[in-house]
Asks: 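Let me begin by handing over the structure; questions about it come next.
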Amino acid sequence: MDLRLPSKVLEHILSFVDSNEDRNSVSLVCKSWFETERRTRKRVIVRNCYAVTPEAVARRFPEMRSLTLKGKPHFADYNLVPDGWGGYAWPWIEAMAEKCPSLEELRLKRMVVTDECLEKIAASFKDFKVLVLTSCEGFSTDGLAAIAVACSNLRELELRECIVEDLGGDWLSYFPETLTSLVSLDFSCLDSEVKLSDLERLVSRSPNLKSLKLNRAVSLDALGSLLRLAPQLVELGTGSFSDKLDQEAVSKLSQAFSEMKELKSLSGLWDVLPEYIPLLYSVCPGLTSLNLSYATVQMPDLLELLTRCSNLQKLWVMDLIEDKGLEVVASSCKELRELRVFPSGAEGLNDTNVAMTEQGLVSVSEGCPNLESVLYFCVQFTNAAMVTIARNRPNLKCFRLCVMEPFAPDHKTQKPLDEGFKAIVERCKDLQRLSVSGLLTDKAFEYIGTHGKKLRMLSIAFAGDSDLMLHHLLSGCESLNKLEIRDCPFGDTALVANAAKLETMRSLWMSSCCVSFGACKLLSQKMPKLNVEVIDEHPLETRPDSSPVERIYIYRTLAGPRLDMPEFVWTIQKNPEIGVSHLAIK
Amino acid sequence: MISELEMEKAESELELGLGLSLGGGTAAKIGKPGGGGAWGERGRLLTAKDFPSVGSKRAADSASHAGASPPRSSQVVGWPPIGSHRMNSLAAKSAREEEGEAGKKKVKDDETKDVNKKVQVGFIKVNMDGVAIGRKVDLNAHSSYENLAQTLEDMFFRGNPGTIGLTGQFTKPLRLLDGSSEFVLTYEDKEGDWMLVGDVPWRMFITSVKRLRVMKTSEANGLAARHQESNERQRK
């Protein structure tokens, strides 16, 4: 008797299963479930574009409507990955154009996207709706024009922190008069001025527009007219907030803001002058997200703003907020879930001239019961503060502390920050992401290895004493998925001893550490399912086994060695004649 | 090909790295480079000595760039870990500050193209003797010396009692400008000289001030003399 669930029934059931994690589990049950699942999956996420080939993905999920891809490793954000390393979007776009022409959504992060890519998208996907590019580079505003002119059903076009060759603002004028479907537009990272009249017309014919993030070149005056055309906005990124307006213009702008009843998210605010802060008061109570990280608002102007934001869940701000301001956040923003505090000085490292210390974060941890995600740049910190924070907020899921002075000890006791981080990992049992900094010995990593069982991503810089550090992490952190390390004095032994662990992780990045070329070769030989990339811009001609490598990037992959490696990336496949390393690993 | 000179330099840098390991002593894991200069050529392991230690007397010392300084932390690639958009924004901001104060253009390679020149954001640092943490004040938000003095008084004396370094011990009004109190307000100009605040017209002051310091009157005596000297120099 055939007890199998008819595939039509299974299909129907699966249409309710949205989460890819669940769908991945479904696909492992048996062959027929695998088949049904793959034919019905609409949203595909590939978190390492080199882990699998575009053809394999297209073949497996023919009904794909939405594709999300990530390219370069995270440390590329900080210029640690040399130009030309890889992460090209082209092969993916080409493959999808051929095999999945019904693709509607493309979300790319840290990838190289060229104008050709954008033109190909515009030409190939008839019902293209969503393009979100985060930290991408390689294209110009001409490519944007291609998308604007051709994608007649475009809903979302978002450029988040991309590096774009800016050839002017005309690209915006290419949106045809017939395009009325826009829901989200984000061009905040572009420099050039767009034609205001074209922008106004675009906004007026987009009744579904919910999110608009302008670039800095859009003046305060222009903002007023745009807001009057789109009072329904849920997310707003302003342009420059600093023109001198006359009294009438100011009151008109104030009126426009007060009409925005749906506004939940506010960002931009470049160069905001203190006298314009009150313009924002009317929208504050409704805000759940406020990004002041580019706004040079100081105390006490910040205070007035923050006391009114009682529903805030996400706050990004510069350290100009000072401890005082964070105390106000602690007492006014009881719904706060995510806090990010960025440095305000480019020489922030040696700059103790801002009155923001560890105390600020302690206050927020006390006052905000829902706080679960923290990114905090600070000149110095103390163990006691971390212990208090951990005690207050065992519900933390993400704790990224950047003590900007490398090797800085607890500034009160002069001891390493081991005990502080111990408290964090011990108490915060659901901690998934951790960045450590300051003076740390191997002990800190012993604690992390022992307690950080749910830790998925860990970032380390200028820390530890020996290979033990790496060994504790690789052998202790069961859920470890991404590990990125820079400027730490070890490598070989722990890496090779824990080689098997690397197959259970997405990736490992180590730069300016002491990993030898021989160890890289050995690892490559031992672990054929990993791509072990040695990224060396200045290699020695002979590359003796003992020579340290500049950077090593290891990731698991089904695709085998990639075919687009530049000269400065070495993998063992490039030199198959090199035999087994003589390096004796103890 | 690595020249002999470079090899020598590289080796000494390598020694520096090896000698200053922190506690574990396993910096010896750095393999001795066969051809010499392997580390030196490609950067070396940075240790604590590369970064001026926190809490040093540097705060009181305005001339922090005296002599051969170790590589500043800000010269380390990708540190602090903030994205390039943010870095560019900060670089542009400090470039604008310097333009506003020093009155000369600073050409930076990676400066953003669209630095908003409409408003000079004139934030400058203010330190006070006896107070560990300095503050920043926006000169453009002030129209006169009295204005500025009032702001500074509010900042340092009527601030949150919890702020580090600011205690309740100073309860008397500052009167920074008339020389009658315990403190005077001084500033460093674009030539690096420290002067008493108040002698030049306000407009001239804001174009030449680089930073401020609330100094104990006792220590400021030497300044008056220097100030007179420089006035005499200007007259010549």
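Chain letters run A, B, ... following the sequence lines, proteins first, then strands; residues in each count from 1. Note that the structure is a prediction, hence the values are computed from the model and not measured.
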Asks: Looking only at atom types and distance, does a side-chain atom of B:His85 sit under 3.5 Å from a main-chain N or O of A:Cys162, one as donor and one as acceptor?
Replies: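 Checking the backbone N and O of A:Cys162 against the side chain of B:His85, a donor-acceptor pair under 3.5 Å is found.
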Asks: When rounded to the nearest 0.5 angstrom, what is the spacing between OG in B:Ser84 and CD in A:Glu137?
Replies: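 The OG atom of B:Ser84 sits 8.5 Å away from the CD atom of A:Glu137.
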Asks: Report, as yes or no, whether the 6.0 Å neighbourhood of atom CD on A:Glu193 holds more than 12 heavy atoms from other residues, nucleotides or ligands.
Replies: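 Count not over threshold, so no.
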Asks: Quick check: closest heavy atoms across A:Ser344 and B:Leu90, and the distance to 0.1 Å?
Replies: O-CD2, 3.3 Å
Asks: Does A:Ala461 offer a backbone N or O that forms a donor-acceptor pair with the side chain of B:Trp79 under 3.5 Å?
Replies: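 Checked: no pair found.
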Asks: So for A:Phe75, is it side chain, backbone, both, or neither that comes closer than 4.5 Å to the heavy atoms of chain B?
Replies: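 It is neither, since no heavy atom gets under 4.5 Å.
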Asks: For A:Tyr294, does its backbone N or O pair with a side-chain atom of B:Arg86 as donor and acceptor, under 3.5 Å?
Replies: no
Asks: Find the distance between CG (B:Asn88) and CD1 (A:Ile163) and round it off to the nearest 0.5 Å.
Replies: 7.5 Å
Asks: Would you call A:Tyr78 and B:Val77 a side-chain contact if the rule is heavy atoms closer than 4.5 Å?
Replies: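 The answer is no, as the side chains (C-beta and beyond) never meet within the 4.5 Å cut-off.
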Asks: Hey, does A:Asp77 have a side-chain heavy atom less than 4.5 Å from the side chain of B:Pro81?
Replies: no
Asks: Please look at A:Ser293 and chain B and tell me whether the side chain, the backbone, both or neither of the residue comes under 4.5 angstrom of a heavy atom of that chain.
Replies: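 Looking at A:Ser293, backbone and side chain both touch chain B.
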